[in-house]
Amino acid sequence: MRVLIAGGNGMLGSALMSRLWGTGTQAFRLVRKATEVGDIEWDPLRGHLPAHALDGVDAIVNLAGAGIGDHRWTNAYRRELRESRIRSTALLAERAASMPTSTRPAVMLNGSAVGWYGDRGDELLDETSSPGSGFLAELCRDWEAATAPAAAADMRVVLMRTGVVLSASGGALRKQLPLFKFGLGGRMGSGRQWLSWIAIDDHVSAMVHLLRNDIEGPVNLTAPNPVRNTEFTAELGRVLRRPTLLRIPAFAPRILLGRELADALLFTGQRVHPAVLTSDGFTFAAPTLTEALRGLLP
């Protein structure tokens with residue numbers, strides 16, 4: 001199998017590249033600037049994708065997109081969040097759909113997020129649940145819709161609704177670790193908001209599973225045991241052997257990040273169940289938060 005990964009230099013893309021090459025699968029990256037042998041340069045915002053980019057490709061994994069929490073949500077950055085996802089997805093889907101059936105990639109795994117469900121309180125959500133509302137929900141909806149040309153061309157399209165990916169080398173956990181290690185970690189606001197998480201190794205294993213098995217449509221890439229913020233805070237403190245007695249009031253992050261971004265990332269959440277993966281027999285190496293954190297933070 002030959003796999004082309006858009007966003008292959010990010011945390012998830014890099015981990016997937018390493019796993020695929022380790023199992024003998026050829027994997028190559030679509031990047032803005034080539035730095036390694038085999039890299040293919042593209043510019044999705046300008047609609048540039050080399051004519052040969054999909055030659056011999058069996059599967060596309062699209063993880064491209066600007067970081068949700070990298071900047072305040074100004075109007076300009078909102079546009080960047082949308083365009084970096086929707087234009088890249090549309091370009092890949094349209095180019096693949098235009099290829100002859102005999103040479104067209106068979107599958108497209110496309111990034112999405114549990115933000116698709118919006119803020120739903122304590123409601124248990126699976127892939128059959130209705131869409132939510134708000135900026136992130138609308139972004140995910142349009143992001144997924146951009147895969148339509150590939151699906152119409154009878155490609156197998158998987159919409160990966162990812163939760164918070166836990167990794168000691170990147171993402172939200174890495175940003176939290178310094179504060180927690182100094183004993184300054186604490187619950188966010190009421191602490192009752194749900195966190196649907198997944199350990200990075202399980203996320204990569206799930207992507208490999210989706211490449212190799214006949215699954216299509218939305219798939220929640222989350223561990224089977226979501227937790228409230230209070231539980232996450234306490235467990236991270238236990239693993240690090242540090243106190244977590246503080247309570248972070250909502251006003252501070254809202255001033256720093258802006259109200260909408262702070263609420264979306266810190267003070268609201270989704271209680272998500274990975275029904276499709278579970279029913280297909282996928283086994284999580286770290287199904288509980290304790291197992292995940294102890295595996296990541298020995």
Side-chain angles (χ1 to χ4, degrees), residues 1-31 36 38-40 42 49 53-65 85 88-89 91-97 99 101-114 116 127 140 143-144 146-163 165 167 198-224 274-286:
M1 177 182 283
R2 181 181 172 94
V3 181
L4 185 65
I5 305 174
N9 53 357
M11 181 181 72
L12 283 174
S14 297
L16 178 60
M17 282 275 293
S18 179
R19 178 76 66 85
L20 291 175
W21 278 109
T23 59
T25 299
Q26 291 184 322
F28 303 91
R29 305 187 307 173
L30 275 178
V31 294
E36 297 181 10
D39 283 354
I40 300 173
W42 74 325
L49 180 65
L54 301 185
D55 289 351
V57 170
D58 300 297
I60 300 168
V61 181
N62 180 25
L63 302 170
R85 286 164 171 76
S88 61
T89 301
L91 180 58
L92 289 167
E94 290 167 3
R95 182 66 62 84
M99 297 173 67
T101 303
S102 59
T103 59
R104 183 183 300 146
V107 59
M108 180 177 185
L109 307 188
N110 200 71
S112 185
V114 296
W116 189 89
E127 291 86 351
C140 291
W143 190 7
E144 293 184 3
T147 65
D154 292 326
M155 289 176 60
R156 181 168 65 88
V157 175
V158 182
L159 307 170
M160 301 184 295
R161 294 177 182 165
T162 295
V165 180
S167 169
I198 185 170
I200 188 168
D201 284 350
D202 275 337
H203 194 291
V204 172
S205 295
M207 288 191 286
V208 173
H209 183 88
L210 294 170
L211 284 171
R212 296 176 177 172
N213 290 273
D214 191 22
I215 299 172
E216 60 185 333
V219 179
N220 293 331
L221 267 65
T222 61
V276 172
L277 282 175
T278 301
S279 64
D280 200 60
F282 178 77
T283 301
F284 288 86

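Any value given below was found using the heavy atoms of this structure, including those in side chains, with hydrogens, waters and symmetry copies removed. One-based numbering along the sequence shown.
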Enquirer: Could you check whether any side-chain N or O of Arg95 sits under 3.5 Å from a backbone N or O of Leu54, counting only pairs where one atom can act as donor and the other as acceptor?
Expert: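 No; judged by distance alone, with no hydrogens or angles, the pair does not exist.
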Enquirer: Show your working on side-chain contact (heavy atoms from CB on, under 4.5 Å) between Thr101 and Asp154 and close with a plain yes or no.
Expert: CA-CA 9 Å; Thr101 303; Asp154 292 326; over 6 Å; no
Enquirer: Output all residues satisfying ring-ring contact (aromatic ring centres under 6.0 Å, His included) with Phe282, sequence neighbours left out; order by chain, then residue number.
Expert: His209, Phe284
Enquirer: Keeping the roles fixed (side chain from Asn110, backbone from Leu159), state whether a donor-acceptor pair exists under 3.5 Å.
Expert: no
Enquirer: Give, for atom OG of Ser205 and atom CG of Leu16, the distance between the pair rounded to the nearest 0.5 Å.
Expert: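 Between atom OG of Ser205 and atom CG of Leu16 there are 10.0 Å.
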Enquirer: I'd like to know if Arg161 and Glu127 make a salt bridge, using a cut-off of under 4.0 Å between side-chain N and carboxylate O.
Expert: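 Answer for the salt bridge query: no.
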Enquirer: Using only atom types and a distance under 3.5 Å, with no angle test, would you say the side chain of Arg156 pairs donor to acceptor with the backbone of Leu211?
Expert: yes
Enquirer: If you apply the rule side-chain contact (heavy atoms from CB on, under 4.5 Å), what do you find for Val219 with Leu277, and how did you get there?
Expert: CA-CA 7 Å; Val219 179; Leu277 282 175; 3.7 Å; yes
Enquirer: For a 4.5 angstrom cut-off between non-hydrogen side-chain atoms, does Asp58 reach Val3?
Expert: no
Enquirer: Any non-hydrogen side-chain atom of Leu20 less than 4.5 Å from a side-chain atom of Met1?
Expert: no
Enquirer: Taking Thr147 for its side chain and Glu144 for its backbone only, find out whether a donor-acceptor pair lies under 3.5 Å.
Expert: yes
Enquirer: Do Leu221 and Met207 make a side-chain contact, defined as non-hydrogen atoms from C-beta onward lying under 4.5 Å apart?
Expert: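 The answer is yes, as the side chains (C-beta and beyond) meet within the 4.5 Å cut-off.
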Enquirer: When you measure from the side chain of Ser14 to the backbone of Met11, do you find a donor-acceptor pair of N or O atoms at a distance under 3.5 Å?
Expert: no
Enquirer: Looking at residues at least two apart in the chain, or sitting in another chain, which of them share a salt bridge (Lys or Arg N to Asp or Glu O under 4.0 Å) with Asp39?
Expert: Arg29
Enquirer: Run the numbers on Trp21 and Gln26 for side-chain contact (heavy atoms from CB on, under 4.5 Å), then give the verdict.
Expert: CA-CA 6 Å; Trp21 278 109; Gln26 291 184 322; 4.1 Å; yes
Enquirer: Mind checking whether Met108 and Thr89 have side chains closer than 4.5 Å, heavy atoms only?
Expert: yes
Enquirer: Side chains of Thr25 and Arg19: do they bring a donor and an acceptor to under 3.5 Å?
Expert: no
Enquirer: Measure the NE2-OG1 distance between His203 and Thr162 for me, rounded to the nearest 0.5 Å.
Expert: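 Between atom NE2 of His203 and atom OG1 of Thr162 there are 3.0 Å.
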Enquirer: Could you walk me through whether Thr103 and Asp55 satisfy the side-chain contact (heavy atoms from CB on, under 4.5 Å) test, starting with their C-alpha distance in whole Å, then the side-chain angles of each, then the deciding distance to 0.1 Å, before giving a yes or no?
Expert: CA-CA 7 Å; Thr103 59; Asp55 289 351; over 6 Å; no
